[in-house]
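Please read the structure below before turning to the comments.
The structure presented is a predicted model; accordingly, all values stated were derived computationally and were not measured. As a basis for the values below, the full set of heavy atoms in this structure was taken, side chains included, without hydrogen atoms, waters or symmetry mates.
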Amino acid sequence: MALASDEAAVRINALIDKFKKEEIRQFDEFTAILCTWRNEIPNSFIRPYGDRNLSNSFTENINGRIKTYLAVSNGISSFQRFRKRVIFALSPDIYYALTPMLASEKRDRKKRGSYNKSRD
């Protein structure tokens, strides 16, 4: 069940108040963190795309690919050349489209027939 941003704001304030009332020294650091992030925590419950959370998975995917390109490049002699190679490799016009729904490039092919092992 998704929590509304307004409800999350009320709950975070109530939680901060409860921790402050307890006056336990070990909770002070955690309470300070909650106070610091008081506005950001409820904002994390906002769902901009219907019932889906906003995700940085696409960005992390691209960053992972760039790290792979760096690892296999055996040192970069020219950053401009490396930059152009990465842009070429990640170009939507070359091999795949950078869309919200990445589709498979698998082609429909004729199924293989039955295999009968020949006895020699």
Do Leu90 and Ile66 have side chains that get closer than 4.5 Å, going by heavy atoms?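 Leu90 vs Ile66: side chains touch.
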Minimum side-chain heavy-atom gap Phe82-Ile87 below 4.5 Å: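 When only atoms from C-beta onward are counted, Ile87 and Phe82 do not touch, as no gap falls below 4.5 Å.
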Checking Asn43 now: which residues fulfil side-chain contact (heavy atoms from CB on, under 4.5 Å) with it, not counting sequence neighbours?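 Scan of Asn43 (side-chain contact (heavy atoms from CB on, under 4.5 Å), adjacent residues dropped) gives Ser5, Ile46.
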Do you reckon Val10 sits in the same ILVMFWY cluster as Ile12, going by side-chain contacts under 4.5 Å, direct or chained?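 Cluster IDs for Val10 and Ile12 differ.
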Check whether more than 12 heavy atoms from other residues, nucleotides or ligands sit under 6.0 Å from atom CZ of Arg38, and answer yes or no.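 Yes - once you tally the heavy atoms of other residues, nucleotides and ligands closer than 6.0 Å, there are more than 12.
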Sequence neighbours left out, cut at 3.5 Å: what donor-acceptor pairs do the side chains of residues 16-34 make with other protein atoms?
unit_1, atom_1, unit_2, atom_2, d
Thr31, OG1, Phe27, O, 2.7

Looking at every non-hydrogen atom in both residues, tell me the closest pair between Pro42 and Trp37 and how far apart they are.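 In this case the closest contact between Pro42 and Trp37 is CD-O, 4.5 Å.
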